[in-house]
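Model, not experiment: these values are computed from the prediction. Note that the numbering runs from 1 along the sequence shown for the chain.
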Amino acid sequence: MKTFNVNTLTMTMAAILLCSCGSGSKKAEAATAENTAEAPAFVADSAWKYTEAQTLFGPRVPNTDAHEACRTYLVNTLKQFGATVTEQQANLKAYDGTVLKSTNIIASFQPEKTARILLCAHWDSRPWADQDPNPSNFKKPVMGANDGASGVGVLMEIARLLGKEGAETSPSVGVDIVLFDSEDYGCPTFYKGPDDDKSWCLGTQYWAKNPHTPGYKAKYGILLDMVGGKAPTFYWDYYTMKYASDVAKKVWDVAANLGYSNMFVPGEGAAITDDHVFVNQLANIPCIDIIDCDPSSQNPFVEYWHTTYDTMAN
């Protein structure tokens, strides 16, 4: 069995977010009654399968056949789970003027409920391996098994569980799983112009300004990014604590109670420009980022980040 730590993430989120679930094999004992829940059984191998399935299309770079094929796969699979699926299509302009044919994929469960939570990840992959140890690989696309596909894989497994029939497994709130596009098309290191933080997370910026439902609000959101690595460490990034510290502390407290404080480290990490920044700033939804990072390192991310080595083997 391959090592893949998605089960720890999901039990943590399920304990907080799916508070009314009444069946399952894992019980999360949190610090307060509000956060105590019996989570549905999460299958790590299933999340692995959904992650691997994305990589089989190749790098999911906007404007490529692999990107379009993966979009079809994700949309059709989420519909099979019983979600109300919205495809938010937009032509987004990249830092260099390239027009990216982008699609944010929104899977809504119990859309009639007004109280909602947001779970999100990005499904595209980076066009350039500009952190690769071999400069000749800089302009090759990244497979993005961890950086993108792993977070989506977790959310696909959660979607499968949410789609199961039976009121006893339905959360008391509506859940929106949003897969953001064109996250990883930000300025490469070899670009000679200015490095603009807003060149990243283009799909998220569009969604935050043009939500799939007019006036959309969620109680809070959780972003997953690079969650499939070996022996990950998840710290509180700067923007998580600035905008959603209460949510972060609840998640990390549950993780500690489950015995995963070695992974969910209650300490400050780096200031990371990720989708959650724009969910917080533009959509005004408190959103945290669960992302593998080591703040003590010069490069806080895993060594294969934005390289040709971001594959299922790692």
same_hphob_cluster(I222, M241) at 4.5 Å side-chain heavy-atom cutoff: yes
Reported CG-to-CG distance for the pair D225 and D275, which is rounded to 0.5 angstrom: 7.0 Å
Donor-acceptor pair between T103 and E87 side chains, under 3.5 angstrom: no
Minimum side-chain heavy-atom gap L118-Y216 below 4.5 Å: yes
Exercise: do D196 and S199 side chains pair donor with acceptor under 3.5 Å: no
Test log, rule side-chain contact (heavy atoms from CB on, under 4.5 Å), inputs F234 and I291: CA-CA 6 Å; F234 306 111; I291 185 168; 5.5 Å; no
Ring centre gap for W123 and Y73 strictly below 6.0 Å: no
In one Ile/Leu/Val/Met/Phe/Trp/Tyr side-chain cluster, 4.5 Å: L202, W207: no
Path from M263 to I290 over hydrophobic side-chain contacts below 4.5 Å: yes
Side chains of Y235 and D294, donor plus acceptor under 3.5 Å: no
Check: V152 and Y50 side chains under 4.5 Å, non-hydrogen atoms: no
Short side-chain to backbone donor-acceptor contact, D292 and T233, under 3.5 Å: yes
Contact summary for L78 and A159, nearest pair of heavy atoms: CD2-CB, 3.7 Å
side-chain contact (heavy atoms from CB on, under 4.5 Å) assessment of T51 paired with M312: CA-CA 8 Å; T51 302; M312 292 300 291; 3.9 Å; yes
Single-linkage hydrophobic cluster M226~W236, side-chain heavy atoms < 4.5 angstrom: no
Whether N314 side chain and G229 backbone form a donor-acceptor pair below 3.5 Å: no
Check: D274/H122 side-chain N/O donor and acceptor closer than 3.5 Å: no
Salt bridge (Lys or Arg N to Asp or Glu O under 4.0 Å) against E68, all qualifying residues, sequence neighbours excluded: R71
Distance in Å, D289 CG paired with T240 OG1, rounded so as to fall on 0.5 Å steps: 5.0 Å
Point-to-point distance, once rounded to the nearest 0.5 Å, from CD1 of I105 to CD of Q89: 9.5 Å
Residues Y191, D130; criterion side-chain contact (heavy atoms from CB on, under 4.5 Å); working and verdict: CA-CA 10 Å; Y191 177 58; D130 57 337; over 6 Å; no
Non-neighbouring partners of F301 that pass ring pair (Phe, Tyr, Trp, His ring centres under 6.0 Å), sequence neighbours left out: W305
Contact check, side chains of D176 and I117, non-hydrogen atoms, under 4.5 Å: no
From CA spacing to verdict: side-chain contact (heavy atoms from CB on, under 4.5 Å), N280, I285: CA-CA 5 Å; N280 280 298; I285 296 172; over 6 Å; no
Residue pair R160 / S46: nearest heavy atoms and the distance that separates them: NE-OG, 3.8 Å
Distance-minimising heavy-atom pair for P62 and S182: CG-OG, 3.7 Å
Greater than 12 external heavy atoms within 6.0 Å of Y239's OH: yes
Side-chain donor-acceptor contact under 3.5 Å, N104 with H212: no
Derivation of the side chain to side chain donor-acceptor pair (under 3.5 Å) call for N299 and S297: CA-CA 5 Å; N299 180 354; S297 174; over 6 Å; no
Short side-chain to backbone donor-acceptor contact, S102 and L100, under 3.5 Å: yes
Within-4.5 Å side-chain heavy-atom neighbours: C201 and V277: no
Residues forming a ring pair (Phe, Tyr, Trp, His ring centres under 6.0 Å) with Y185, sequence neighbours excluded: W128
Enclosure of K219 NZ (heavy-atom neighbours >12, cutoff 6.0 Å): no
Least distance between heavy atoms, Q54 atom then G153 atom: NE2-N, 3.7 Å
Under 3.5 Å side-chain donor-acceptor pair for S108 and T84: no
Spatial distance of atom SG (C187) from atom CH2 (W200) [nearest 0.5 Å]: 7.5 Å
Co-membership, hydrophobic cluster, residues F109 and L223, 4.5 Å side-chain: no
Side-chain touch K164/F81, heavy atoms, less than 4.5 angstrom: no
Approximate separation, where rounding is to 0.5 Å, of D184 CG and S125 OG: 7.5 Å
Side-chain H-bond candidate by donor/acceptor type, N76 with K79, under 3.5 Å: no
Carboxylate-amine/guanidinium contact R60 D124, below 4.0 Å: no
Closest contact, heavy atoms only, C287 versus C120: SG-SG, 4.4 Å
Q88 side chain vs F180 backbone, donor-acceptor pair below 3.5 Å: no
Donor-acceptor pair, side chain of R126 and main chain of H306, under 3.5 angstrom: no
Student check: side-chain heavy atoms of Y304 and D132 closer than 4.5 Å: no
Minimal non-hydrogen separation, A107 against A83, with atom names: CB-CB, 3.8 Å
Side-chain donor or acceptor of Q205 paired with backbone N/O of F278 under 3.5 Å: no
Backbone N/O of V99 and side chain of N63: donor-acceptor pair under 3.5 Å: yes
Side-chain heavy atoms of D246 within contact of K250, under 4.5 Å: no
Under 3.5 Å side-chain donor-acceptor pair for Q281 and Y243: yes
E52/K49 under salt bridge (charged side-chain N to carboxylate O under 4.0 Å, His left out): CA gap, chis, key distance, verdict: CA-CA 5 Å; E52 183 180 45; K49 177 181 176 182; over 6 Å; no
V154 side chain reached by V227 side chain, heavy atoms, under 4.5 Å: yes
N91 CG: over 12 foreign heavy atoms closer than 6.0 Å: yes
Separation of Y238 OH from T273 OG1 (nearest 0.5 Å): 11.5 Å
Side-chain (K217) to main-chain (A283) donor-acceptor, under 3.5 angstrom: yes
